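For reference, the structure discussed in these notes is given below.
Only a predicted model underlies this, so the values are computations on that prediction, with no experimental measurement involved.
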Amino acid sequence: MANFILQLPNNLRSFSVSTSSNGSLPNSSNGGGQNGGPVIVELPLDKIKRPLMRTRTNDPNKVKELMDSIKEIGLQVPIDVIEVEGNYYGFSGCHRYEAHQRLGLPTICCKVRRGTKETLRHHLR
């Protein structure tokens, strides 16, 4: 079973969202996200460090298609982000991230996992 916490802006409330692969009701006593699992949160684009951006080139057609989709129905899949000592690092979702930038959107939906400096070093290899 996967557990996520959706954190919304301060003027909205936070609530847990749980899913299970077999369609059964999730166990609500497990505290979703408090056990070190990923959380879903809107993060400001300028708070996400993209250490590999200079080494990759995005497909402009894919970015344009994502921009059109995001304008119409919003982002459907959060980008994966690692949080290490209060800093956020993004290594995937490059096209979605650029689409948000080009649309002038201030935040992006992220699936955040906590990591260590060793985890970060592993991703930078």
The side-chain contact (heavy atoms from CB on, under 4.5 Å) partner of Phe91 among Asp80, Ile79, Leu124 is Leu124
Is it the case that the side chain of [X] and the backbone of [Y] share a donor-acceptor pair, with hydrogens and angles ignored and the cut-off at 3.5 Å?
X	Y	value
Ser69	Leu66	no
Arg113	Val39	no
Gln76	Gly74	yes

- Would you check if His123 and Tyr89 make a side-chain contact, meaning some heavy-atom pair closer than 4.5 Å?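 No - every pair of side-chain heavy atoms lies 4.5 Å or more apart.
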| query | Would you say the side chain of Ile82 lies within less than 4.5 Å of the side chain of Leu120, judging by non-hydrogen atoms? | reply | no
Which pair of heavy atoms, one from [X] and one from [Y], lies closest together, and at what distance?
X	Y	answer
Gly93	Arg50	C-NH2, 3.9 Å
Leu75	Arg96	CD1-CD, 3.7 Å
Ile48	Gly90	CG2-N, 3.8 Å
Glu98	Asn58	OE1-ND2, 2.7 Å
Glu83	Val112	CB-CG1, 3.8 Å

Next on the checklist: Can you tell me how far apart CD1 (Ile108) and CD1 (Ile70) are? Round to the nearest 0.5 Å.
Outcome noted: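 Nearest 0.5 Å value for the CD1-CD1 distance: 6.5 Å.
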task = Starting at CG of Leu43, measure out to OG1 of Thr107 and round the result to the nearest 0.5 Å.
result =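 Here the interatomic distance stands at 8.5 Å.
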With sequence neighbours left out, the residues meeting side chain to side chain donor-acceptor pair (under 3.5 Å) with Asp68 are Lys64
Pairing of Lys62 and Glu65 as salt bridge, 4.0 angstrom limit: no
